[in-house]
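Report on the following structure.
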Amino acid sequence: MKKLEMMISNEFIQSKTQKYFDKVCPLTQDVQVQVPLCTNEEISDAIEKAHTAYLSWKDTPIMTRTRLMLRYQALIKENIDEIAKILSIEQGKTFDDAKGDIVRGYEVVEFACSAPTLMMGETVEHVSNKMNTYSYRQPLGVCAGITPFNFPAMIPLWMFPLAIVAGNAFILKPSEMVPNTTMKLAELFIEAGAPKDLLQVVHGQKDQVDALLDHPKVLAYSFVGSPAVGEYIYSRATANLKRAQAFVGAKNHMVVMPDANKENVLNALVGASMGAAGQRCMGISVALFVGSAREWIPELIAKLKEVKPGAWNDKDANYGPVMTKAAQNKIEGLIQSGVDEGATLLLDGRGATVEGYSNGNWVGPTVFTKVDVDMAIYKEEIFGPVLSILEPKNLSEALDIINNNMFGNGTSIFTASGASATRFRREVQVGQVGINLPIPVPLPFFSFTGWRGSFYGDLHAYGKQAITFYTETKTVTEKWFEDEESEGVAFDFKADHSK
Ligand code: NAD
């Protein structure tokens, strides 16, 4: 069985560990690759080398750093089919969905090509007599990223291109469920001309993440994953007095007003709730049918009955298997809890089968109505193709439901009323809002701005906020004297209040 390599000093090398994680195929349960749980020495060595690379990279002209990203984005585009195939085979998502994952990633690399503008500081001339003040953005040093299974290309690309173009070096620890996509992205980064040791890829689980968290030379951590792990990583990183940002779970609500365009509502809900088998942090898991909009529910169910899971290379498949058997069991357990707690199961995806893949982690489209906010299916992130429907009387009730949910990643409203949309946009306590579109993931010149229980930290992913996250601001105040000019000794803290 193939043992996965690490990527250290631009070379693919075997770990010396005795411990491996067997990564299995979500369609068959066959072991696809053995992922090394790297040793502490290997991780420490990767960090030390990255630190040395940073020392010369930070002094590399910004246009040279930018051109690396220009070449990199071109290479990702040229190789998109090959990357998408690797991604689909290890993750299970359909080929077209895998391409979308990659496109949303290379858009961040394209954004990284605006580094010279993004890195600009501020200047004020003549802040006091003969004094000027200006600021620079300077890189931190070595930064690290820990990524999840659901977007194997997009999420690593949220992180290292922006950190590196800003002048940092980066250690990436991909999800052990989908490490091959990251290795391909790393290979292309080398091909694009990345200097040695600037990006290092190590593998593992908790122990390896702990080694990253406790190393004094890693100064900032970007994490995307589940809430409990995010809380742990954010707490441990900040307890070590480091910078951290953690993007975690979600429960995204879509509000359907009775004045909305019915066809658009139903199509949007089908795709946004079932796409990627519901394994999207911005997917819709709760629909709020306001007032008479509830009359559309039977038509929604009819459409969802047509939705079929299948293998990544089956052109008729709408989505793939869920990532692991454990995830399938958890989803099925939550569906049972919904039944036990009294919700009405209109569509039951348990026991779904796909011809030729009897061992796949299949869950069919599942829909509950009569869902109560105290039920586990409402409170917990299911991360599967399961939609819960609630029926608030009006927009105020819908807003109350959303604003009392612990998560605040994404939400949307479908309506023909500008007044309803405006009220929703202003009052909803969620960081990313869609109006007549279901999954409002911002393009990279904005930032990915989850709120409340969906995010720990203050600076978000990509956009200008990411450049702020990956840099320090240095502010310089200068004063130049003419020849022979001098000032007396000042014992007081000088401030001129006379005018
Ligand atoms: P996960 O938390 O299980 O794993 C994420 C990463 O953390 C992996 O690299 C994993 O190896 C590592 N990890 C796991 N357990 C750890 C531990 N105890 N200590 C340290 N590191 C550990 O998440 P997942 O199942 O891969 O991803 C799904 C989750 O990610 C969902 O909750 C989803 O909502 C969330 N997600 C959030 C966003 C967002 O932007 N908010 C985006 C994508 C995914």
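Please read all numbers here as calculations on a predicted model, not as lab measurements. Just follow the structure's listing: the first ligand is 1, and inside any ligand the first atom is 1. In what follows, residues are counted from 1 in the order of the sequence shown.
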- Note on the structure: For residues 368-378, the side-chain hydrogen bond (donor to acceptor under 3.5 Å, both in side chains) pairs (sequence neighbours left out) are His253-Tyr378, Tyr378-Asn405

- Message: Between Asn409 and Cys281 (side chain of the first, backbone of the second, donor and acceptor by atom type, cut-off under 3.5 Å), is there such a pair?
- Response: yes

- Note on the structure: So side-chain hydrogen bond (donor to acceptor under 3.5 Å, both in side chains) across residues 423-446, not counting sequence neighbours, yields Ser396-Arg423, Arg423-Glu427

When you pair each N or O of ligand 1 with protein N or O atoms, which pairs come out under 3.5 Å?
residue	atom	partner	partner atom	Å
ligand 1	2 (O)	Ser226	N	2.9
ligand 1	2 (O)	Ser226	OG	2.5
ligand 1	9 (O)	Thr147	O	2.8
ligand 1	9 (O)	Lys173	NZ	2.9
ligand 1	11 (O)	Lys173	NZ	2.7
ligand 1	11 (O)	Glu176	OE1	2.6
ligand 1	23 (O)	Ser226	N	3.4
ligand 1	26 (O)	Phe149	N	3.0
ligand 1	30 (O)	Gly225	O	3.2
ligand 1	32 (O)	Glu381	OE1	2.6
ligand 1	34 (O)	Glu381	OE2	2.5
ligand 1	41 (N)	Val248	N	3.4
ligand 1	41 (N)	Val248	O	2.7

- Item | With Phe21, the side chain to side chain contact (heavy atoms under 4.5 Å, CB included) member among Val31, Val33, Leu4, Leu37 | Leu37

- Residues Lys308 and Asp314 bridged, charged N to O under 4.0 Å: no

Can you give me every donor-acceptor pair (side chain of residues 176-185, partner residue at least two apart or in another chain, under 3.5 Å) with its distance?
residue	atom	partner	partner atom	Å
Glu176	OE2	Gln205	NE2	3.2
Asn180	ND2	Glu90	OE1	3.1
Thr181	OG1	Glu90	OE2	2.5
Lys184	NZ	Glu82	OE2	3.1
Lys184	NZ	Glu187	OE2	3.0

